[in-house]
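Beneath this line is the structure, given in structure tokens, with notes to follow.
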Amino acid sequence: MTTPRDEYAIDTLVRLDALLGVLSDASLHKEVPHVHPAYRAMIEASPFAVLATTGPGGLDASPRGDPPGFVQLQDDKTLLLPERRGNNRADSLRNIVADPRVALLFLIPGVGETLRVNGRARISVAPDLLARFVVNGQPPKCVVVVDVETVFFQCARAIQRSRLWDAVPPGTSRPVPTPGAILASITHGAFDGAAYDKELPTRQQATLY
């Protein structure tokens, strides 16, 4: 007997596109295949990232943190992530050995936007790489080298809904470019970044739910 289809299930891309509507221009312009200088500023300001991996046991998302700038850029297509001492579960590393696909989500205290990086990773114990991340005389166990495929910022709505940074003192200066400035820079001025930033707070508040 055929199981009736759930009329409320969003189980095809056609249904999903009909639910979500038209993709915004900003969503298209913000994605680039390298670490743009504006995105480099976000990585250098971030003390915390979530590393997502996949392997034979399934998916994994693992936190990574150190002082801001703990993830370094070898060039605009390569990120270096130190693997510090831990409990040796090494779920992320085990997954990378089996499947190199990774994603990173960078958070910056006081900033609503987050940064997403997708790519492929490998694990290295090259002495010159380990030496870049020595803290208190201790090098990391290894370095995760990420070959970047796509980079883009995520809008602030999730942070706004969660009120994640409410404890940050009022008036704290923004250490990275605004979303509009990033879009204007990436598009070499083709995108009206000033207008985007001006309209953004009202638009985000109006579309939180």
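Start at 1 with the first residue, then count along the sequence.
- Following chains of ILVMFWY side-chain contacts shorter than 4.5 Å, one cannot reach Met42 starting from Leu105, and the two form parts of different hydrophobic clusters.
- Judged purely by atom type and a 3.5 angstrom limit, Arg94 uses its side chain to pair as donor or acceptor with the backbone of Arg89.
- Using modelled atom types and a 3.5 Å distance limit, the side chains of Thr54 and Arg101 yield no donor-acceptor pair.
- For the pair Phe133 and Asp66, the minimum side-chain heavy-atom distance is 4.5 Å or more.
- Of the possible donor and acceptor atoms, none in the side chain of Asp76 sits under 3.5 Å from a partner among the backbone N and O of His34.
- In this structure, Leu164 is not a member of the same hydrophobic cluster as Ile108, with clusters built from ILVMFWY side-chain heavy atoms closer than 4.5 Å.
- Residues Leu81 and Leu104 have side chains in contact (heavy-atom distance under 4.5 Å, counting atoms from C-beta outward).
- The minimum heavy-atom distance between Leu23 and Ser27, with the atom names listed, is CD1-CB, 3.6 Å.
- The minimum heavy-atom distance linking Gly112 with Ile159 is given by the pair O-CG1, 3.0 Å.
- One distance of note links CG of Leu16 with CD1 of Ile10; it measures 7.0 Å at 0.5 Å rounding.
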Test Leu73 against Leu79 for side-chain contact (heavy atoms from CB on, under 4.5 Å), laying out the working first. CA-CA 5 Å; Leu73 277 78; Leu79 297 183; 3.6 Å; yes

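- Phe70 and Val143 are not part of a single hydrophobic cluster, where members link through side-chain heavy atoms under 4.5 Å apart.
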Would Val32 and Tyr39 count as a side-chain contact (heavy atoms from CB on, under 4.5 Å) if you check the C-alpha gap in whole Å, the side-chain angles of each, and the deciding distance to 0.1 Å? CA-CA 10 Å; Val32 292; Tyr39 291 157; 3.8 Å; yes

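- Of the possible polar contacts, one joining the Arg15 side chain to the Ala9 backbone as a donor-acceptor pair under 3.5 Å is found.
- With a 6.0 Å radius and a threshold of 12 heavy atoms from other residues, nucleotides or ligands, Asn87 has its CG atom above the threshold.
- Within 6.0 Å of atom NZ in Lys77, more than 12 heavy atoms from other residues, nucleotides or ligands are found, so the atom counts as buried in its surroundings.
- To the nearest 0.5 Å, the span separating CG on Leu51 from CG on Asp60 amounts to 7.5 Å.
- Val146 and Leu129 fall into different hydrophobic clusters, where Ile, Leu, Val, Met, Phe, Trp and Tyr side chains are chained together by heavy-atom contacts under 4.5 Å.
- To the nearest 0.5 angstrom, Ile123 atom CD1 is 13.5 Å from Lys141 atom NZ.
- Under 4.0 Å is where a charged nitrogen must lie from a carboxylate oxygen, and between Arg5 and Asp11 at least one such pair does.
- Using a 4.5 Å heavy-atom cutoff, the side chains of Leu183 and Phe153 are in contact.
- Atom CZ of Arg203 sits about 9.5 Å away from atom SG of Cys155, to the nearest 0.5 Å.
- The hydrophobic clustering, which links ILVMFWY residues whose side-chain heavy atoms are closer than 4.5 Å, places Val125 and Val144 apart.
- The closest side-chain heavy-atom distance from Glu83 to Ser92 is not below 4.5 Å.
- A pairwise comparison of heavy atoms in Gly137 and Pro139 identifies O-CD, 3.7 Å as the closest pair.
- Nearest approach of Ile96 to Ala121, heavy atoms of both residues: CG2-O, 3.6 Å.
- In this structure the side chain of Val117 never reaches within 4.5 angstrom of the side chain of Thr150, judged on heavy atoms.
- Residues Pro109 and Val168 come closest through the heavy atom pair C-CG2, 4.5 Å.
- With rounding to the nearest 0.5 angstrom, the CG atom of Asp147 is 9.5 Å from the CZ atom of Arg120.
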Take Glu113 and Arg174, measure what salt bridge (Lys or Arg N to Asp or Glu O under 4.0 Å) needs, and give me the verdict at the end. CA-CA 11 Å; Glu113 289 74 33; Arg174 182 185 178 94; 3.0 Å; yes

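- Atom CG of Leu28 sits in a crowded spot, with more than 12 heavy atoms from other residues, nucleotides or ligands closer than 6.0 Å.
- Other residues, nucleotides and ligands contribute more than 12 heavy atoms inside 6.0 Å of the CZ atom of Arg84.
- Thr172 places a side-chain N or O within 3.5 Å of a backbone atom of Pro169 that can act as its donor or acceptor partner.
- Between the side chain of Gln160 and the main chain of Leu208, no donor-acceptor pair closer than 3.5 Å is present.
- Side-chain polar atoms of Thr114 and Arg116 form no donor-acceptor pair below 3.5 angstrom.
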Given Leu93 and Cys142, is the side-chain contact (heavy atoms from CB on, under 4.5 Å) satisfied, shown in steps? CA-CA 10 Å; Leu93 301 183; Cys142 58; 3.9 Å; yes

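- Side-chain atoms of Val151 and His36, non-hydrogen and from C-beta on, never get closer than 4.5 Å to each other.
- Expressed to the nearest 0.5 Å, how far CZ of Arg40 lies from CG of Leu115 amounts to 13.0 Å.
- Between the Trp165 side chain and the Val111 main chain, a donor and an acceptor come within less than 3.5 Å of each other.
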Apply side-chain contact (heavy atoms from CB on, under 4.5 Å) to residues Ile182 and Tyr196 and explain how you reach the verdict. CA-CA 11 Å; Ile182 293 172; Tyr196 184 82; over 6 Å; no

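- Looking only at side-chain heavy atoms (C-beta outward), Pro33 and Val148 stay at 4.5 Å or farther from each other.
- In this structure, Leu107 and Pro47 approach most closely via the heavy-atom pair O-CD, 3.5 Å.
- Within the 4.5 Å cutoff, no side-chain heavy atoms of Ile186 are placed close to those of His29.
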